2 protein chains.
Amino acid sequence: MVSIHRRIFEDIEARIMSRAWPPGHRIPFEHELVQEYQCSRMTVNKALSALAARGMIIRRRKVGSFVAARQIDRTVMDIQDISTEAELAGHDHSYRILMRKIEALDAATATQLGEPTGAEILRLHCLHAVDGKPNALERRIIMLAMVPSARTESFASVPPGKWLLDMVPWSKARHVIRAVSADAATARLLETERGEACLTLVRQTWQNSRTVTYVEIIHPGDRFQFAGDFHPSEKGAMDQLPRRSAS
Amino acid sequence: MVSIHRRIFEDIEARIMSRAWPPGHRIPFEHELVQEYQCSRMTVNKALSALAARGMIIRRRKVGSFVAARQIDRTVMDIQDISTEAELAGHDHSYRILMRKIEALDAATATQLGEPTGAEILRLHCLHAVDGKPNALERRIIMLAMVPSARTESFASVPPGKWLLDMVPWSKARHVIRAVSADAATARLLETERGEACLTLVRQTWQNSRTVTYVEIIHPGDRFQFAGDFHPSEKGAMDQLPRRSAS
DNA sequence: GACCCGCTTTTGTCTATACAAATAGATACA
DNA sequence: TGTATCTATTTGTATAGACAAAAGCGGGTC
């Protein structure tokens with residue numbers, strides 16, 4: 001037994017996925033669906049709102065609801081902190097700090113980050129290993145104005161990615177994935193060949209439109225990949241938490 | 001002026017993002033939030049349901065609502081068809097078919113796809129160029145049992161990615177992003193150096209747990225990247241459709 | 001033509017109420 | 001002690017009604 005709003009949701013979704021209702025097609029008005037399903041408008045509204053929240057339809061007052069353009073391959077990738085990820089997979093994770101220094105933001109990088117030249121930053125380089133094998137080179141910039149406590153943190157016992165996640169709230173993140181060839185220094189650190197293809201994840205994190213941190217994480221291409229699934233009507237993440245839970 | 005359910009949503013979200021309410025923390029019961037915000041339970045329910053749909057909280061009857069584990073960096077990447085993407089960006093797109101043949105699925109590939117050995121497939125190789133410059137090498141397998149009409153389609157005027165998207169509904173997709181070094185043949189086709197880092201997107205698409213198509217799209221690393229944003233409280237995709245719209 | 005005003009339609013939000021489903025915890029019983 | 005049953009609590013779903021906000025549309029005026 002499924003609920004009515006769920007059935008409406010799925011009926012419409014099926015028609016969108018099968019292209020019976022192509023992009024741009026107008027979905028019946030709420031009052032029409034009320035007639036069709038013999039239910040209240042709130043119920044219909046709940047179904048349509050859910051479709052809108054997923055970006056499958058666009059709703060406009062006085063105009064109607066329409067199948068969204070480009071209901072493309074939208075994939076959700078879980079991009080985790082390296083140490084957390086390794087832990088979850090049951091692998092051993094270690095890291096060591098290669099560099100840690102406080103400096104002023106140079107002009108080129110400042111432009112790239114959209115922050116003022118000369119701002120005080122903490123620059124960190126860090127090598128991660130999983131099960132003893134080098135797995136990632138992390139090059140990070142932390143804006144000290146946004147994270148003053150980083151000034152005195154050595155990151156000897158907590159990796160910077162995890163530490164920041166625990167210490168600093170962020171409101172927006174941007175990820176870029178690139179393939180680059182390893183230069184000599186990178187290859188040496190990652191114990192791979194010079195010129196070897198590397199998968200680089202760049203992440204910039206903001207809080208209220210001020211950059212918190214910018215990081216490049218360079219993985220050897222033969223030991224790493226990103227994966228993501230897409231199920232159209234997937235409900236949110238399920239079964240994540242304990243039966244009983246601490247307050 | 002924001003709606004009440006939106007404010008409740010954002011208040012709770014902010015506490016989750018800031019770790020004021022860490023994973024596992026019990027969120028106030030609906031009736032408590034009703035008191036706090038002086039609104040009806042339906043309004044509170046709407047806010048909490050939205051948080052649950054996003055996977056930020058887990059709700060269980062008689063128990064309560066809890067902050068979900070791993071409210072990680074979940075990023076949404078729009079992975080589009082190459083030709084559509086180029087069009088949207090205002091670039092010129094062309095392609096040519098390098099290979100097109102019907103064959104039986106060999107054992108190794110069959111295992112990889114999770115399909116029976118010997119199944120009839122259409123194998124397609126295709127070179128895409130944007131503004132005259134090679135931009136992607138596409139290696140595709142189409143399961144003819146699922147897409148019989150592909151047997152007679154030449155793909156001379158519509159690229160296979162687009163054609164499939166228009167012809168065949170799919171219910172699930174999986175994406176993998178990898179970095180690989182170009183072998184000699186790939187490098188020649190993409191007009192780049194042998195060994196150059198390439199960004200490879202692998203996509204497998206299913207309908208009702210039967211594979212529809214499997215494709216590897218190999219981009220030269222110096223001309224391509226994937227990007228995705230994450231705003232926690234982002235509402236669904238907006239502004240996608242026309243002012244006026246056909247039926 | 002351009003501009004403003006008011007009408008109408010559609011979606012957005014909210015309320016108060018009701019009952020159903022799940023289930024932790026208490027209670028009764030073997 | 002273990003087990004079945006009851007009870008209270010919390011979330012899930014649905015309803016009918018109300019008003020607000022956005023925006024297309026037509027009419028009027030200049």
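It should be emphasised that the depicted structure is a prediction, and the values quoted were computed from it without experimental measurement. The sequence lines fix the lettering, A, B, ..., with proteins before strands; numbering per chain opens at 1.
- Taking every heavy atom of both residues into account, B/Leu113 and B/Gln204 meet most closely at O-NE2, 3.1 Å.
- At whole-Å resolution of the value, CD1 in B/Ile8 and P in D/dT11 are 13 Å apart.
- Summarising the geometry, the separation between CZ on A/Arg59 and C1' on C/dT9 is reported as 14 Å, rounded to the nearest angstrom.
- In this structure, a donor-acceptor pair under 3.5 Å is present between the side chains of A/Tyr214 and A/Gln112.
- Per the geometry, CD belonging to B/Glu30 stands 15 Å off P belonging to C/dC14, to the nearest Å.
- Separating the NE2 atom of A/His31 from the C1' atom of D/dG17 is a distance of 18 Å, rounded to the nearest angstrom.
- Between C/dT15 and B/Thr43, a contact under 4.0 Å exists linking OP1 or OP2 to a side-chain N or O.
- Between the C1' atom of C/dT11 and the CG atom of A/Leu51 lies a distance of 15 Å, rounded to the nearest Å.
- At a cut-off of 3.5 angstrom, counting only N and O atoms as typed in the model, there is no donor on one side facing an acceptor on the other between the side-chain of B/Arg61 and the base of D/dT10.
- Ring pair B/His219/B/Phe224 is parallel by interplanar angle, where below 30° counts as parallel and above 60° as perpendicular.
- Spacing between atom CZ of A/Phe9 and atom C1' of D/dG12 amounts to 17 Å, rounded to whole angstrom units.
- The phosphate of D/dT11 (OP1 or OP2) has a side-chain N or O of B/Ser65 nearer than 4.0 angstrom.
- Taking side-chain N and O atoms only, A/Lys46 has no distance below 4.0 Å to OP1 or OP2 of D/dA14.
- For A/His5, taking side-chain heavy atoms from C-beta onward, the closest of the listed nucleotides D/dT13, C/dT13, D/dA16 is D/dT13.
- Counting to the nearest Å, the P atom of C/dT9 and the CZ atom of A/Arg26 are 14 Å from each other.
- Both B/Asn45 and B/Lys62 lie near DNA chain D, and the one whose nearest nucleotide falls closer to the 5' end is B/Lys62.
- With hydrogens and angles ignored, a donor-acceptor pair under 3.5 angstrom links the side chain of B/Arg41 to the base of D/dG12.
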Q | Derivation of the side-chain contact (heavy atoms from CB on, under 4.5 Å) call for A/Ile12 and A/Ile27 | A | CA-CA 8 Å; A/Ile12 296 176; A/Ile27 281 167; 3.9 Å; yes
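- OP1 or OP2 of D/dT13 has at least one side-chain nitrogen or oxygen of A/Ser3 nearer than 4.0 Å.
- Heavy atoms of B/Leu48 sit nowhere under 4.0 angstrom from any nucleic acid atom.
- Side-chain atoms of B/Tyr95 come within 3.5 Å of backbone N or O of B/Ala156 as a donor-acceptor pair.
- With C/dA16, C/dA24, C/dT8 as the choices, the nucleotide that has an atom nearest any side-chain atom of B/Met42 turns out to be C/dA16.
- With hydrogens and angles ignored, no donor-acceptor pair closer than 3.5 Å exists between the side chain of A/Arg60 and the base of C/dT9.
- Nucleotide D/dT13 holds its C1' atom 17 Å from the OH atom of A/Tyr37, rounded to whole Å.
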